[in-house]
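One structure below.
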Amino acid sequence: MSDLASKAAEIMARVRATKPLVHHITNFVVMNETANITLCAGALPVMAHARQEVEEMAGAAHALVLNLGTLWPEQVDAMLIAGRRANVRGIPIVLDPVGAGATRFRSESSHRLLEQLAVSIMRGNFAELATLAGFEAKIRGVESVGTSADPTAVAVACARKFRCVAALTGRIDIVSDGYRVARVSNGHELMGRVTGTGCMSTAVTAAYAAVEADSVVAAAAALAAFGLAGETAAQGAPGPGTFHVRLYDALAQMTEEGLRAGARIEVAG
């Protein structure tokens with residue numbers, strides 16, 4: 001995983017050149033944000049939720065996002081239908097277990113998806129991944145509010161338990177397949193004051209995973225690009241509202257040279 005900054009720039013260029021279609025089964029709070037950030041990353045979004053069409057849509061997509069943010073039972077069934085089609089086709093599934101640990105339904109649905117589907121990347125916050133990996137954690141609503149566990153240990157354990165790449169986002173993002181570990185230190189505190197930035201990072205991760213077979217590299221590159229966009233957007237922003245708009249511009253206008261120079265990705269193992 002040497003020179004991941006250059007690899008990140010190369011992946012960004014591939015996304016923009018090929019414009020992969022990312023099928024989102026996602027939540028209503030952030031649907032518009034995730035569609036816009038997917039476009040800004042250079043990919044194409046489609047939101048399709050009905051059981052009657054998800055298999056067909058997953059059959060045309062290059063990556064599938066499953067986001068549990070506003071979950072109901074029929075949506076889980078649709079996720080399983082789309083996910084099975086994605087697995088047959090060999091396209092990556094990126095799972096965002098929003099609020100896992102907050103309610104039994106969200107935790108059980110996350111486990112059901114992880115047990116029945118081959119998930120490539122699971123992107124979540126500290127408490128979500130810690131809960132799923134079996135660590136003690138505190139979550140309020142969908143926000144992580146505390147755990148005494150080590151983030152790297154959580155990411156490694158989560159990846160090994162579910163045989164996927166775990167992308168744990170926070171002040172420092174940790175990406176692991178259970179053996180290799182990458183740390184991404186891009187980002188800005190204003191990203192925590194806008195609804196849906198975690199979900200947006202999942203969308204960008206799916207766009208990058210659509211063109212990069214190494215899921216550790218894809219996730220680390222995506223989180224570096226999104227975090228760097230946050231840093232750029234925060235420059236001179238008087239508050240979260242202005243920052244939100246500038247975040248789109250910063251990702252869309254990011255250059256390969258800028259990402260190569262600004263990505264802070266450390267290989268830890």
Side-chain angles (χ1 to χ4, degrees), residues 4-24 26-47 61-63 65 67 69 94 96 98 121 123 125 167 169-173 175 184-212 217-265:
L4 280 175
S6 293
K7 187 70 175 178
E10 178 201 329
I11 295 170
M12 183 176 71
R14 263 190 279 153
V15 171
R16 290 172 172 175
T18 61
K19 299 185 183 306
L21 179 66
V22 181
H23 176 193
H24 299 253
T26 188
N27 77 72
F28 296 135
V29 176
V30 302
M31 198 178 304
N32 183 254
E33 280 82 356
T34 50
N36 281 329
I37 207 69
T38 302
L39 284 170
C40 292
L44 301 176
V46 62
M47 277 54 183
H62 301 95
V65 169
N67 180 310
V94 180
D96 191 333
V98 182
I121 301 170
R123 201 295 311 164
N125 66 32
T169 54
R171 190 177 64 81
I172 303 291
D173 302 329
V175 180
V184 181
S185 56
N186 292 103
H188 191 276
E189 62 183 10
L190 277 174
M191 299 176 85
R193 298 183 62 192
V194 174
T195 299
T197 50
C199 301
M200 288 188 240
S201 71
T202 299
V204 178
T205 297
Y208 279 40
V211 303
E212 171 57 46
V217 173
L223 295 176
F226 187 62
L228 181 60
E231 295 171 21
T232 303
Q235 294 174 8
T242 305
F243 169 78
H244 188 181
V245 175
R246 291 183 180 180
L247 183 60
Y248 295 135
D249 293 341
L251 186 63
Q253 296 169 359
M254 188 176 291
T255 65
E256 292 176 50
E257 293 74 16
L259 180 54
R260 190 177 295 111
R264 296 191 294 277
I265 310 173

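These numbers were taken from a predicted model, which means no experiment stands behind them. Computed over heavy atoms, backbone and side chain alike; hydrogens, waters and symmetry mates excluded.
- Remark: of the listed residues Val94, Val98, Leu223, Val94 is the sole one forming a side chain to side chain contact (heavy atoms under 4.5 Å, CB included) with Thr202.
- Here Thr197 pairs with nothing under the side-chain hydrogen bond (donor to acceptor under 3.5 Å, both in side chains) rule; sequence neighbours left out.
- Ile121 and Ala209 make their closest contact through CD1-CB, 4.0 Å (heavy atoms, listed as atom of the first residue, atom of the second, distance).
- For residues 37-47, every residue pair satisfying the side chain to side chain donor-acceptor pair (under 3.5 Å) rule, not counting sequence neighbours, is listed here: His24-Thr38.
- Legend: salt bridge (charged side-chain N to carboxylate O under 4.0 Å, His left out) pairs involving residues 219-242, not counting sequence neighbours, sorted by first then second residue: Glu231-Arg264.
- For Gln235, there are no side-chain contact (heavy atoms from CB on, under 4.5 Å) partners at least two apart in sequence or on another chain.
- For Thr34, there are no side-chain hydrogen bond (donor to acceptor under 3.5 Å, both in side chains) partners at least two apart in sequence or on another chain.
- Side-chain contact between Pro45 and Val22 is absent, with no heavy-atom pair separated by less than 4.5 Å.
- With Ser201 contributing its side chain and Gly198 its backbone, the two residues share a donor-acceptor pair below 3.5 Å.
- Among residues two or more places apart in sequence or in another chain, the side-chain hydrogen bond (donor to acceptor under 3.5 Å, both in side chains) test is passed with Asp249 by none.
- Contact record, Arg16 with Gln253: NH2-C, 4.5 Å, taken as the closest heavy-atom pair.
- Qualifying side-chain contact (heavy atoms from CB on, under 4.5 Å) partners for Glu212, counting only residues two or more places apart in sequence or in other chains: Lys7, Ile11, Arg14, Asp214, Val217, Ala218.
- Put simply, CG on Leu259 and CE on Met12 are 5.0 Å apart, with the number rounded to the nearest 0.5 Å.
- Across Leu228 and Ala263, no two heavy atoms sit closer than the pair CD2-N, 4.4 Å.
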Which donor-acceptor pairs under 3.5 Å do the side chains of residues 189-196 make with protein atoms, sequence neighbours left out?
none

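- Residues Tyr208 and Ala8 share a closest heavy-atom pair of CE2-O, 4.4 Å.
- Looking at residues two or more places apart in sequence or on another chain, you find a side-chain contact (heavy atoms from CB on, under 4.5 Å) between Val46 and Leu21, His23, Met57.
- The minimum heavy-atom distance between Ala41 and Val15, with the atom names listed, is O-CG1, 3.4 Å.
- Partners of Phe243 under the ring-ring contact (aromatic ring centres under 6.0 Å, His included) rule, at least two apart in sequence or in another chain, do not exist in this structure.
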>> Is there a side-chain contact (heavy atoms from CB on, under 4.5 Å) between Leu247 and Phe226? Walk through the geometry before answering.
In response: CA-CA 9 Å; Leu247 183 60; Phe226 187 62; 3.9 Å; yes
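- Remark: Ser6 pairs with Asp3 by the side-chain hydrogen bond (donor to acceptor under 3.5 Å, both in side chains) rule, at least two apart or across chains.
- At a threshold of 4.5 Å between non-hydrogen side-chain atoms, the residues Cys199 and Thr26 do not count as touching.
- Using a 4.5 Å heavy-atom threshold, the side chains of Val184 and Ile172 count as separate.
- Residues satisfying the side-chain contact (heavy atoms from CB on, under 4.5 Å) test with Ala210, not counting sequence neighbours, are Pro20, His62, Ala63.
- The structure places CD1 of Ile37 at 11.0 Å from CG of Asn32, a figure rounded to the nearest 0.5 Å.
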